[in-house]
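One-based numbering, in listed order, for ligands and for the atoms of each.
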Amino acid sequence: MTECLFCKMIAGEIQPDTVYETDDVLAFRDINPQAPTHGLVLPQRHIATLNDIGTGDTELIGKLYLAAAKVARDAGFAEEGYRAVMNCNGRAGQTVFHLHLHVLGGRDLNWTPGSAASIHAGLGAPWDGGVVWAGEFPSQTGW
Ligand code: AMP
Ligand code: ZN
């Protein structure tokens, strides 16, 4: 039996709050929403992280984004804007190791996400992030 939480949902052992499903992808409401609408979109097949996708998965990854856009349309915020984002491994905050897109909408979404940006909270409006970050990482070397 699988130990993966999302595989248990796919297998029907745990019932997610499903909003969309195809043979390839499953979308359901996040149990701990970070926005008025917070969906998760994942492949029906277990892939642990973004690092584990291969060249044979390109169509599947496209289907994840198609499903994310559908979730956004169905939730009614496709035109006003939303975020479809994937965390990879510990430093990005991945806690469930079954590939998934977060689909967040229904509120303003600051850029960039995460605690490093929140250090600068109060230094400016959400969208002048370029100013906030100027000089913070002066040399993006080594990549
Ligand atoms: P991540 O931290 O990027 O791996 O995202 C995992 C997400 O799964 C988090 O946003 C959790 O709130 C969500 N989550 C964990 N358990 C459940 C569950 N039983 N049903 C729905 N969402 C869940
Ligand atoms: Zn899994």
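Note that the CE atom of Met86 and the OG1 atom of Thr49 stand 9.5 Å from one another [nearest 0.5 Å]. Interatomic distance, Gln94 CD to Asn87 CG, rounded to the nearest 0.5 Å: 7.0 Å.
In this structure, atom 4 (O) of ligand 1 lies nearest to the protein heavy atom Thr95 N, 2.7 Å. The closest protein non-hydrogen atom to atom 17 (C) of ligand 1 is Ile31 CG2, 3.5 Å.
Paired with Arg29 under the rule side-chain hydrogen bond (donor to acceptor under 3.5 Å, both in side chains), one option of Asp17, Thr37, Thr18 passes, and it is Asp17. Among the candidates Asp24, Val25, Asp57, the single residue satisfying the side-chain contact (heavy atoms from CB on, under 4.5 Å) test with Arg45 is Asp57.
Listed by number with element, the atoms of ligand 1 under 4.0 Å from a non-hydrogen atom of Asn87 are 3 (O). For ligand 1, the atoms sitting less than 4.0 Å from at least one non-hydrogen atom of Met9 are 18 (C), 19 (N), 20 (N), numbered in the order shown with element in parentheses. Each of the following atoms of ligand 1 lies closer than 4.0 Å to a heavy atom of Arg29: 21 (C). In the vicinity of Phe6, heavy-atom distances shorter than 4.0 Å reach the ligand 1 atoms 8 (O). Atoms of ligand 1 lying under 4.0 Å from any heavy atom of Val96, numbered from 1 in the order shown and given with element: 4 (O), 6 (C). Near Asn32, the atoms of ligand 1 lying under 4.0 angstrom from a non-hydrogen atom of the residue are 12 (O). Every atom of ligand 1 with a heavy atom of Leu40 under 4.0 Å away is listed here by number and element: 7 (C), 8 (O), 13 (C), 22 (N).
The backbone N or O of Val71 lies less than 3.5 Å from no partner atom in the side chain of Asp74, so there is not a single donor-acceptor pair. Panel note: side chain Gln15, backbone Gly12; a donor-acceptor pair is recorded below 3.5 Å. Judged by distance alone, the side chain of Gln34 and the main-chain N or O of Asn32 form a donor-acceptor pair under 3.5 Å. Without hydrogens or angle criteria, Arg83 side chain to Asn110 main chain gives a donor-acceptor distance under 3.5 Å.
Here Ile14 has no heavy atoms under 4.0 Å from ligand 1, in either its backbone or its side chain.
By the 4.5 Å heavy-atom criterion applied to side chains, Leu101 and Leu42 are not counted as neighbours.
Near-neighbour remark for the Zn ion (ligand 2): protein N, O or S atoms under 2.8 Å are Cys4 SG, Cys7 SG, His46 ND1, His98 ND1; waters not counted.
Counted within 6.0 Å of CD on Glu80, heavy atoms from surrounding residues, nucleotides or ligands total more than 12; the atom is thus considered enclosed. Residue-environment remark: CG (Asp23) stays at or below the threshold of 12 foreign heavy atoms within 6.0 Å.
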Stepwise side chain to side chain contact (heavy atoms under 4.5 Å, CB included) check, Tyr82 with Leu104 = CA-CA 6 Å; Tyr82 63 99; Leu104 298 146; over 6 Å; no
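In this structure, Phe97 has no heavy atom closer than 4.0 Å to ligand 1. Not a single heavy atom of Pro16 sits less than 4.0 Å from an atom of ligand 1.
Residues His100 and His98 place their aromatic rings such that the two centres sit no closer than 6.0 Å.
Checking only distances, His100 does come within under 3.5 Å of ligand 1, N or O to N or O. The shortest N/O to N/O separation between His102 and ligand 1 falls below 3.5 Å.
Nearest to atom 11 (C) of ligand 1 by heavy-atom distance, out of Leu42, Asp30, Leu5, Asn89, is Asp30.
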